[in-house]
Amino acid sequence: MALDDNIYEIRREKLKKIEALGQPAYPRKYNFSHTVPQILGEYGGQTAEELEAPRVNVRVAGRIMAIRLMGKAGFAHVQQDGQRLQIYVKKDAVGDAGFELWKLLDLGDHIGVRGYLFRTRTGELSIHAEELTFLSKDLLPLPEKWHGLQDVELRYRQRYVDLVMNPEVREVFLKRSKLVQSLRRYFDAQGFVEVETPMMQPMAGGAVARPFKTHHNTLDMDLFLRIAPELYLKRLTVGGFDRVYEINRNFRNEGIGWRWNPEFTMLEAYQAYTDYLGILDTTQASIEQAVQDVTGGTKTKWGEDEIDWSHGNWRRMTMREAITKFWPEKADATPTREDFATHEGVKALVDRVRGAGVNLAYDAAEPVGKTVAALFEAIAEEHLVQPTIIYEFPTAVSPLSKQKPDEPDWTERFEMFAGKMEVANGFSELNDPEDQRRRFEAQLKERERGDEEAHQMDEDYIRALSYGMPPAGGVGVGLDRLAMLFTDSHTIRDVILFPLLRPEKQVAAEDAEKTEK
RNA sequence: GGGCGCGUAGCUCAAUUGGCAGAGCAACUGACUCUUAAUCAGUAGGUUGAAGGUUCGAUUCCUUCCGCGCUCACCA
């Protein structure tokens, strides 16, 4: 999309005229006395009489979002922090030069207004302007004033315009900020230390995913953007950080969809001397607190549904229980505990589920546990709208978690679901270096079998474990997805300020031409 | 990657069976000293995403490409 040369040039001319009036085109600062929200908060309840004696003198800065000129007077709405305040500009009050400036202002310009508060004939709290200060020019026209910016692509590409025009978008990101703030406060209060571990790693480990690859020139070395901070954080528990956490980005070179963005934010935490149930309690409590901090209550709207995050509403069930509970009616007999133990048993379950019309891939060569996990996702996940903890995961899909003492095919691992999304994943951390080596070797076999996402051998990590890692529970929480749940956003792109999009090729070319001239 | 859909003025949207490409807002000129979707009078604004094809004639039909959305597969 080309810049509108016509409007752009007209506004540049106006800017020159503003300079000719003695106002700098790009001034350095404006000493405001109040923000717009402060004025609305402090004086929104006062009557016209109360505002008259004594007069309330204010200086306010903001962006012009509506403007109505009427000969020798006019009104405008100035927006700051997403809120709007009306100003009344009269030639008698601002003087000839002030009024010349007023006539050169456009929608989108930033101005400073000095004046006193009053109520208009229709009762709206306004500033009776006595002095206007030009602060910055909007050279490009803002979108249409009552439909705002609707085009989804433009909203993501030009998020700055989206934020100016659509107050609800601003709200979403304020809530996201509160969410992160709340979690950080909670973990800090529990004695966790916030750290930052490498995002560029020689080997991308700690999760099952395909990484992005990059290259360091001086070292002439390939590096991978991390898919998880897990292995570094656990090295830190070896080093004596008994409670550590990190809030930052992970990168996974995989599909994009309503729940997936190539870069996403996770909170990952490790707590020594506890197991998966201990870290689960910590996680659940932190989320219950976050809902309170972000929304002021315990319930959030989720499309047609309402999610109740209050403590008593969380369900807990094992993966096997969930599969049984949500077993499709048409799939005949519900599974027994024995069915999950053998290839034959699981194959029979898959056949019955497929017979019920459920789409489920099956590979006889893959470990039984992988199939069970796929089975769970196929039939149970869609029922998990209310906060639900699913625990006990197959060892085959959990190469970094401790096995159950009595059932080595199953691990002490949980995932938290809400709104049909996986939101958190935690487990009793495997700290036996020899077992860890065997798990990596099993993953290497999966890799040879063609699974590009299977975990690689990490010798340094095994060395770290060999120095002795305390027993610990660890968890990763998907903050983007929590933000989605707390803001009723049904695509992850609505909670990421600048989601990944293909580049605008045409504009790039046109802009290059423009700069050359 | 597969399937479906969308792309028209800066923004939000129209355009009959294939028959002169339009409106509102924004912009420009003028009037207006309490308006709030301000009003009134006038003006300007387009390679209909791109390229090609069919046709006397294409926004409309066909092909390819680009971008976006939804969905399936994979993934958290």
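First the proteins, then the strands, lettered A, B, ... as listed; each starts at 1.
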Between [options], which one does the side chain of [X] approach most closely?
{"X": "A:L154", "options": "B:C11, B:U33, B:G67", "result": "B:C11"}
{"X": "A:A73", "options": "B:U35, B:A27, B:U33", "result": "B:U33"}
{"X": "A:Y88", "options": "B:C74, B:U33, B:U71", "result": "B:U33"}
{"X": "A:P141", "options": "B:A27, B:G10, B:C74", "result": "B:G10"}
{"X": "A:K14", "options": "B:C11, B:A73, B:A27", "result": "B:A27"}
{"X": "A:T120", "options": "B:C74, B:U12, B:C34", "result": "B:C34"}
{"X": "A:R157", "options": "B:C68, B:U33, B:C75", "result": "B:C68"}
{"X": "A:L107", "options": "B:A27, B:C68, B:C28", "result": "B:A27"}
{"X": "A:R502", "options": "B:C75, B:C68, B:U12", "result": "B:C68"}

Checking all strands, does [X] fall into the base, sugar-phosphate, or nothing category for heavy-atom contacts under 4.0 angstrom?
{"X": "A:R84", "result": "nothing"}
{"X": "A:V89", "result": "nothing"}
{"X": "A:D92", "result": "base"}
{"X": "A:K91", "result": "nothing"}
{"X": "A:G148", "result": "sugar-phosphate"}
{"X": "A:N261", "result": "base"}
{"X": "A:F417", "result": "nothing"}
{"X": "A:N425", "result": "nothing"}
{"X": "A:R481", "result": "base"}

Considering only the [atom1] atoms, how many Å lie between [N] and [M], rounded to the nearest integer?
{"N": "B:U35", "M": "B:C20", "atom1": "P", "value": "44 Å"}
{"N": "B:G45", "M": "B:G5", "atom1": "P", "value": "36 Å"}
{"N": "B:C28", "M": "B:C34", "atom1": "C1'", "value": "26 Å"}
{"N": "B:A21", "M": "B:G49", "atom1": "P", "value": "15 Å"}
{"N": "B:A23", "M": "B:G42", "atom1": "P", "value": "13 Å"}
{"N": "B:U43", "M": "B:G22", "atom1": "P", "value": "15 Å"}
{"N": "B:C68", "M": "B:C61", "atom1": "C1'", "value": "24 Å"}
{"N": "B:C4", "M": "B:U16", "atom1": "C1'", "value": "26 Å"}

Does the side chain to side chain donor-acceptor pair (under 3.5 Å) test come out yes or no for A:T395 and A:W410, once each step is laid out?
-> CA-CA 5 Å; A:T395 304; A:W410 297 85; over 6 Å; no
Heavy-atom count around A:R315 CZ within 6.0 Å, excluding the residue itself: above 12?
-> yes
Do other residues, nucleotides or ligands put more than 12 heavy atoms under 6.0 Å from A:R249 CZ?
-> no
What's the [atom1]-[atom2] distance between [X] and [N], to the nearest Å?
{"X": "A:K103", "N": "B:U29", "atom1": "NZ", "atom2": "C1'", "result": "13 Å"}
{"X": "A:Y8", "N": "B:C28", "atom1": "OH", "atom2": "P", "result": "16 Å"}
{"X": "A:E144", "N": "B:G24", "atom1": "CD", "atom2": "P", "result": "12 Å"}
{"X": "A:Q150", "N": "B:C11", "atom1": "CD", "atom2": "P", "result": "12 Å"}
{"X": "A:N6", "N": "B:C11", "atom1": "CG", "atom2": "C1'", "result": "16 Å"}
{"X": "A:H490", "N": "B:U71", "atom1": "NE2", "atom2": "P", "result": "12 Å"}
{"X": "A:I7", "N": "B:C11", "atom1": "CD1", "atom2": "P", "result": "10 Å"}
{"X": "A:H77", "N": "B:A38", "atom1": "NE2", "atom2": "C1'", "result": "12 Å"}

Is there a side-chain polar atom (N or O) of A:K90 under 4.0 Å from OP1 or OP2 of B:C32?
-> no
Return no unless some side-chain N or O of A:R68 is found under 4.0 Å from OP1 or OP2 of B:U35.
-> no
Which one is paired to [N], where only Watson-Crick or G-U wobble pairs with both distances under 3.5 angstrom count?
{"N": "B:C6", "answer": "B:G67"}
{"N": "B:G24", "answer": "B:C11"}
{"N": "B:A38", "answer": "none"}
{"N": "B:G19", "answer": "B:C56"}

Qualifying residue for side-chain hydrogen bond (donor to acceptor under 3.5 Å, both in side chains) with A:Y270, from A:E246, A:K234, A:E230 = A:E230
Which one of A:R63, A:Q83, A:E124 satisfies the side-chain hydrogen bond (donor to acceptor under 3.5 Å, both in side chains) criterion with A:H77?
-> A:E124
Check: A:K402 main-chain N/O paired with A:R413 side-chain donor or acceptor under 3.5 Å = no
Do the side chain of A:E124 and the base of B:U35 come within less than 3.5 angstrom through a donor-acceptor pair of N or O atoms?
-> no
Evaluation steps, ring-ring contact (aromatic ring centres under 6.0 Å, His included), between A:F187 and A:Y245 | CA-CA 8 Å; A:F187 279 87; A:Y245 75 103; 5.6 Å; yes
Can we say A:K370 and A:D363 salt-bridge, meaning some charged N sits less than 4.0 Å from an Asp/Glu carboxylate O?
-> no
Comparing nearest nucleotides in RNA chain B, the 5'-proximal residue of the pair A:E377, A:T491 is A:T491
Between A:E153 and A:W260, which is nearer to the 5' end of RNA chain B once each is assigned its nearest nucleotide?
-> A:E153
Determine whether the aromatic ring centres of A:Y276 and A:F427 lie less than 6.0 Å apart.
-> no
